[in-house]
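A short write-up of the structure that comes next.
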Protein chains: 2
Amino acid sequence: MADKQRRKPGETREKLMSAALALVGKGRHFASLGIREVTRQAGVVPTSFYRHFRSMDDLGLQLVDELGLVLRRMMREARANVLQADKLIEESVGIFVAHAQANRSFFLFMAQGLAGESRAVQEGIRSEMRFFASELANDLRRLRLMEHLSDADLDVTCDLVVRTVAFSLTDLLSISEDDDYQIGQVRKRTTRFLQMVFVGAANWNSDSA
Amino acid sequence: MADKQRRKPGETREKLMSAALALVGKGRHFASLGIREVTRQAGVVPTSFYRHFRSMDDLGLQLVDELGLVLRRMMREARANVLQADKLIEESVGIFVAHAQANRSFFLFMAQGLAGESRAVQEGIRSEMRFFASELANDLRRLRLMEHLSDADLDVTCDLVVRTVAFSLTDLLSISEDDDYQIGQVRKRTTRFLQMVFVGAANWNSDSA
DNA sequence: ACTGCATGTGTACAAGTGTTCACTAATGTG
DNA sequence: CACATTAGTGAACACTTGTACACATGCAGT
C-alpha cells in the first residue's frame, strides 16, 4: 500500500472532529450529522470512527473541550489588547467579532449546542460560559471597576454580559461571512447593548436590592 | 374500512405538527427528525406527510407561524395582568415563565430554531422576536415609561430585553419541568437581569450617544 | 346524481444508516 | 528483536430512510 496508514496517532481523530465542524460550517446542524457522513467527509472508513469516539455525542463533548481552548485564546488576546478602560467595550466586542469570524464553525457549533439534543454538550457549553463570566468578573475587579457592586451583583452583571454577547453570536453567524456592512451593524448594536448593561451596573444599588 | 379516514380536513396536518413538537419535547432536536419518524409518531402512513408539507423545513416554517400565535397570546395576557408599573418586571417574568412551562415543546422548538439548519425558520423566529420587541416598545411608550429615550435607544433597550428573556428560555428548558426550586431561581435571575437593563435605560443619555 | 379534488392508504425500491467482525500494518516497550 | 497494542481497512448485517406510484374514499359543486 502507498502511505494511507503511515500517520501519526491521533491524526484521524482530528480529521474526524474537523470534518464534523466543516459540515456544521456548511450549514448543517450537528444533531443531524451521522457517523458515516462524518467519516466520509474526513476521508476515512466508517469503522475508524469507533477507534476514537463512542458515539456522535462523544465527539460533540470533545469538541466542547476544544471550544474551551478557543475561548481562552480569545480572553487572553482581549486582556492583552484592552489596556485602558476607556474603549474597553468597543475593543472587546471587536476582538470577539474577529474571533467569531476566524472560528466560524466552532462558534456555530456552540450556538447550536446551547439548545442541542445532547444534555452533556449543553451542560458543557453552559459551563464554559460560566467560566468566561467568572473570568470577566475577575478582570473587572482587577481593573477596579464596578467596585460598588456586591459579589453577587457583579456575578449577575457578568452573566448578563456573556449572554448578550453569546446571543450576538447568533446574529453574526446568520449573516454572510463577508458582509462587512452587516457585521459592522452587529458590532455596533452589541456595543450599545453592553454599554447599556454597564450603565445599569454603574447605577445599581447593591444595598437596596 | 372502519373510521380511519373519516376525519375532518386538516386533522392529519395538525397531528403531524403536534407529533413533531412532541418529539422535540421528548428531547430530540428538530433538525434530526425524519419524515418517517414524525408520521410514525402521528400514527399516520408516511406518504400522508406529502399531502400537507413539502419537506421537514416546510413543516418547521408552519410551526413558526403557530409559534407566533402563542407569543401573541402571551403578550395579551401580560398586557391584561400588568396594570401598574410597580411590579411590572416581576409579573411579566412570571407570566413568561408560566407560558414557557405550558408550551414547553413550542419554546423548545423556538430555542432550537434560532441556530437551526433551516435559514427560513431561523429568519421566521427572528422576525417574531423583532415583532415582540416592537410591541414592547409600544407598551412602554403607552405607559409613559422611558420617555427620555430616543426611538432608536428605546428600540435597543427592548431588543436587549427580548434577547435576555429568550436566553433565559434556554435555562428554563434545560432544567426539569417540575423542579420548582430551579424554576424559581431562573425567574429571580431573569428579573434581576431585566431590572439591571432598565436601570441602564433609565440612566441612559440619548443625547450624548 | 355525476364528477373532480383533496385526503388518506399500501406496496415497493434504491440508497443510506449504525455496528460487528476478522484481518493487516505500524508503533512503542520489554 | 519479539511482541502486545493501537489505528487503520473492507465486507457484511439488518434496518431505516425518503420518495414514487397506483389505488380507495369522502365531500363540494354542478
Side-chain angles (χ1 to χ4, degrees), chain A residues 1-24 26-63 65-66 116-121, chain B residues 1-24 26-63 65-66 116-121:
Chain A
M1 315 305 166
D3 56 347
K4 288 215 168 182
Q5 46 238 27
R6 311 247 181 82
R7 300 301 170 105
K8 273 184 285 188
E11 184 154 338
T12 302
R13 200 187 89 104
E14 288 181 16
K15 272 202 284 186
L16 287 170
M17 297 214 274
S18 303
L21 274 186
L23 288 169
V24 167
K26 280 192 197 309
R28 301 289 314 278
H29 190 108
F30 184 80
S32 77
L33 297 181
I35 289 178
R36 281 189 117 103
E37 197 178 3
V38 172
T39 56
R40 196 183 312 129
Q41 165 87 21
V44 166
V45 94
T47 19
S48 284
F49 183 90
Y50 296 99
R51 300 287 183 202
H52 305 279
F53 311 101
R54 205 168 304 145
S55 62
M56 265 295 168
D57 278 9
D58 188 20
L59 193 159
L61 272 180
Q62 307 206 29
L63 275 179
D65 290 345
E66 275 204 30
E117 74 180 344
S118 158
R119 197 54 64 107
V121 168
Chain B
M1 309 316 169
D3 57 347
K4 287 213 169 184
Q5 46 238 24
R6 310 253 180 79
R7 300 303 170 102
K8 273 184 286 187
E11 184 155 340
T12 302
R13 200 187 91 106
E14 287 181 17
K15 273 202 284 187
L16 286 170
M17 298 215 270
S18 304
L21 274 186
L23 288 168
V24 167
K26 279 192 197 311
R28 302 289 314 280
H29 190 107
F30 184 80
S32 77
L33 297 182
I35 289 178
R36 279 190 116 103
E37 198 177 3
V38 171
T39 55
R40 197 182 312 128
Q41 166 85 20
V44 166
V45 95
T47 21
S48 283
F49 184 90
Y50 297 99
R51 299 287 182 202
H52 304 277
F53 310 102
R54 204 167 306 148
S55 63
M56 266 297 167
D57 277 10
D58 188 19
L59 194 159
L61 271 180
Q62 307 206 28
L63 275 179
D65 291 344
E66 274 205 29
E117 75 180 344
S118 158
R119 196 54 65 106
V121 168

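Keep in mind it's a predicted model, so treat the numbers as computed, not measured. Proteins come first, then strands; the chains are lettered A, B, ... in the order of their sequence lines, and each starts at number 1.
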**OP:** Scan A:Arg54 against the nucleic acid and name what it touches under 4.0 Å (heavy atoms): base, sugar-phosphate only, or nothing.
**Re:** nothing

Subject >> D:dT19 phosphate, OP1 or OP2, under 4.0 Å from B:Tyr50 side-chain N/O >> reply: yes

Original post:
If only side-chain N and O atoms of B:Arg40 are considered, is one of them under 4.0 Å from the OP1 or OP2 phosphate oxygen of D:dT17?
Top reply: yes

**OP:** First locate atom NE2 of B:His52, then atom CD of B:Glu14, and finally report the distance between them rounded to the nearest 0.5 Å.
**Re:** 10.0 Å

**OP:** Enter the distance from A:Thr39:OG1 to A:Lys15:NZ here, rounded to the nearest 0.5 Å.
**Re:** 11.0 Å

**OP:** Check step by step if side chain to side chain contact (heavy atoms under 4.5 Å, CB included) holds for A:Phe53 and A:Met17.
**Re:** CA-CA 10 Å; A:Phe53 311 101; A:Met17 297 214 274; 3.7 Å; yes

[N] [atom2] sits how many Å from [X] [atom1], rounded?
X: B:Ile35; N: C:dT17; atom1: CD1; atom2: P; result: 16 Å
X: A:His52; N: D:dT9; atom1: NE2; atom2: P; result: 9 Å
X: B:Phe49; N: C:dT9; atom1: CZ; atom2: P; result: 15 Å
X: B:Leu33; N: D:dT16; atom1: CG; atom2: C1'; result: 15 Å
X: B:Arg13; N: C:dT7; atom1: CZ; atom2: P; result: 10 Å
X: A:Leu16; N: D:dA7; atom1: CG; atom2: C1'; result: 12 Å
X: B:Glu14; N: C:dT7; atom1: CD; atom2: C1'; result: 15 Å

**OP:** Find out whether B:Arg28 and B:Glu37 are in side-chain contact, i.e. whether some heavy atom of one side chain is under 4.5 Å from a heavy atom of the other.
**Re:** yes

Original post:
Is any side-chain heavy atom of B:Met56 closer than 4.5 Å to a side-chain heavy atom of B:Phe49?
Top reply: yes

Original post:
Of the nucleotides D:dA7, C:dT9, D:dT9, which one has an atom closest to the side chain of B:Val44?
Top reply: C:dT9

**OP:** Name the closest nucleotide to the A:Glu37 side chain, picking from D:dA7, D:dT19, C:dT17.
**Re:** C:dT17

**OP:** Please tell me which of A:Val45 and B:Thr47 maps to the more 5' nucleotide of DNA chain D, matching each residue to the nucleotide holding its nearest heavy atom.
**Re:** A:Val45

Original post:
For the base of C:dG16, is there a side-chain donor-acceptor partner from A:Arg36 under 3.5 Å away?
Top reply: no

